[in-house]
Amino acid sequence: QVQLEESGGGLVQAGGSLTLSCTTALSTFNQYNVGWFRQIPGKERDFVAAIREMGTPYTYYKDSVKGRFAISRDTDKNMVWLQMNRLQPEDTGIYYCASRARFQSDYNEPLAYANWGQGTQVTVSS
């Protein structure tokens, strides 16, 4: 099982920026597809962005974050980032990174991912 760890969350004012990181000790992480999901209390995890094993430009975004968020990866460092700009209060939640070995069209479905981190809290104040 792939163990993932998120970092970079925090409290920011509306309009601000944060960069989330997802890392693992798995040396073959560059062979995995990675997604970011957001969860708020009482709700299911919601897709935010995904990146394929080959990296940019094979990226996918939820409509509401297109143009504001950017997902990227460094295959040498086994890391994936989510750069979040022009944050809004509705972006608040716990952000999780997740990985899966095989890319399929259901990249926006939480159940399609086998491995998850513990999450990092992002709070955007108005």
Side-chain angles (χ1 to χ4, degrees):
Q1 187 173 0
V2 178
Q3 292 186 319
L4 306 175
E5 183 175 357
E6 305 94 337
S7 62
L11 173 64
V12 64
Q13 289 187 331
S17 299
L18 283 174
T19 301
L20 305 183
S21 301
C22 175
T23 188
T24 177
L26 182 68
S27 62
T28 57
F29 190 51
N30 57 3
Q31 299 176 17
Y32 284 76
N33 302 277
V34 177
W36 283 97
F37 291 79
R38 180 181 68 93
Q39 188 170 28
I40 58 176
K43 298 291 186 181
E44 298 293 323
R45 291 180 184 181
D46 187 39
F47 171 75
V48 176
I51 188 167
R52 291 193 61 174
E53 67 273 28
M54 63 280 283
T56 306
Y58 300 96
T59 57
Y60 309 85
Y61 297 95
K62 179 180 179 180
D63 285 346
S64 62
V65 307
K66 286 181 180 177
R68 298 191 298 125
F69 291 12
I71 188 171
S72 60
R73 71 189 305 165
D74 184 327
T75 55
D76 291 336
K77 296 181 180 178
N78 293 335
M79 291 188 70
V80 172
W81 295 276
L82 183 68
Q83 174 69 43
M84 305 187 295
N85 300 318
R86 304 199 308 274
L87 283 161
Q88 300 300 317
E90 53 266 34
D91 295 320
T92 294
I94 299 175
Y95 282 71
Y96 297 89
C97 69
S99 68
R100 58 186 295 186
R102 182 179 177 184
F103 179 83
Q104 291 182 306
S105 60
D106 58 351
Y107 58 83
N108 59 339
E109 295 291 340
L111 291 177
Y113 291 79
N115 308 292
W116 292 83
Q118 295 300 307
T120 184
Q121 176 71 46
V122 171
T123 303
V124 184
S125 63
S126 57

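Position 1 is the first residue of the sequence; numbering continues from there.
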Over 12 foreign heavy atoms within 6.0 Å of CD, Glu44: no

Looking only at heavy atoms, which two atoms of Ser126 and Ala14 are closest? And how far apart? CA-CB, 4.3 Å

Without placing hydrogens or testing angles, list every side-chain donor-acceptor pair under 3.5 Å for residues 2-13, not counting sequence neighbours.
from, atom 1, to, atom 2, distance (Å)
Glu6, OE1, Gln118, N, 3.0
Glu6, OE1, Gly119, N, 2.8
Glu6, OE2, Cys97, N, 2.9
Glu6, OE2, Gly119, N, 3.3

Please check if Tyr95 and Trp81 belong to a single hydrophobic cluster, counting links between Ile, Leu, Val, Met, Phe, Trp and Tyr side chain heavy atoms closer than 4.5 Å. no

State yes or no: do Val48 and Val34 share one hydrophobic cluster built from I, L, V, M, F, W and Y residues joined by side-chain heavy-atom distances below 4.5 Å, directly or via other members? yes

Which of parallel (below 30°), tilted (30 to 60°) and perpendicular (above 60°) describes Tyr113 and Phe37? perpendicular

Can you tell me how far apart CD (Gln39) and CD (Gln121) are? Round to the nearest 0.5 Å. 10.5 Å

Please name the pair of heavy atoms, one in Trp116 and one in Pro110, separated by the smallest distance, quoted to 0.1 Å. CZ2-O, 3.3 Å

Would a hydrophobic clustering, with Ile, Leu, Val, Met, Phe, Trp and Tyr connected at side-chain separations under 4.5 Å, put Tyr32 with Trp36? yes

Nearest heavy-atom approach of Ser17 to Asn85 is OG-OD1, 3.0 Å

So the disulfide (SG to SG under 2.5 Å) pairs with at least one residue in residues 30-66 (sequence neighbours excluded) are none

Can you find a pair of side-chain heavy atoms, one from Val65 and one from Arg38, that are under 4.5 Å apart? no

Is there a chain of hydrophobic side chains (I, L, V, M, F, W, Y, each step under 4.5 Å between heavy atoms) that links Leu20 to Phe47? no

Side-chain donor-acceptor contact under 3.5 Å, Asn78 with Thr24: no

With rounding to the nearest 0.5 Å, note down the distance linking CZ in Phe103 to OH in Tyr60. 3.5 Å

Transitive ILVMFWY side-chain link Ile94 to Leu82, under 4.5 Å: no

At what distance, to the nearest 0.5 angstrom, does CE of Met84 lie from OG1 of Thr19? 7.5 Å

Hits for side chain to side chain donor-acceptor pair (under 3.5 Å) against Ser64, two or more places apart or cross-chain, chain-then-number order -> none

Answer yes or no: is there a side-chain heavy-atom contact under 4.5 Å between Tyr61 and Ile71? yes

Working to the nearest 0.5 Å, report the span between CZ of Arg100 and CG of Asn33. 6.5 Å

Looking at every non-hydrogen atom in both residues, tell me the closest pair between Asp76 and Asp74 and how far apart they are. N-OD1, 2.9 Å

Within 45 degrees of the ring normal and closer than 6.0 Å to the centroid, is that where the cationic atom of Arg73 sits relative to Phe29? yes

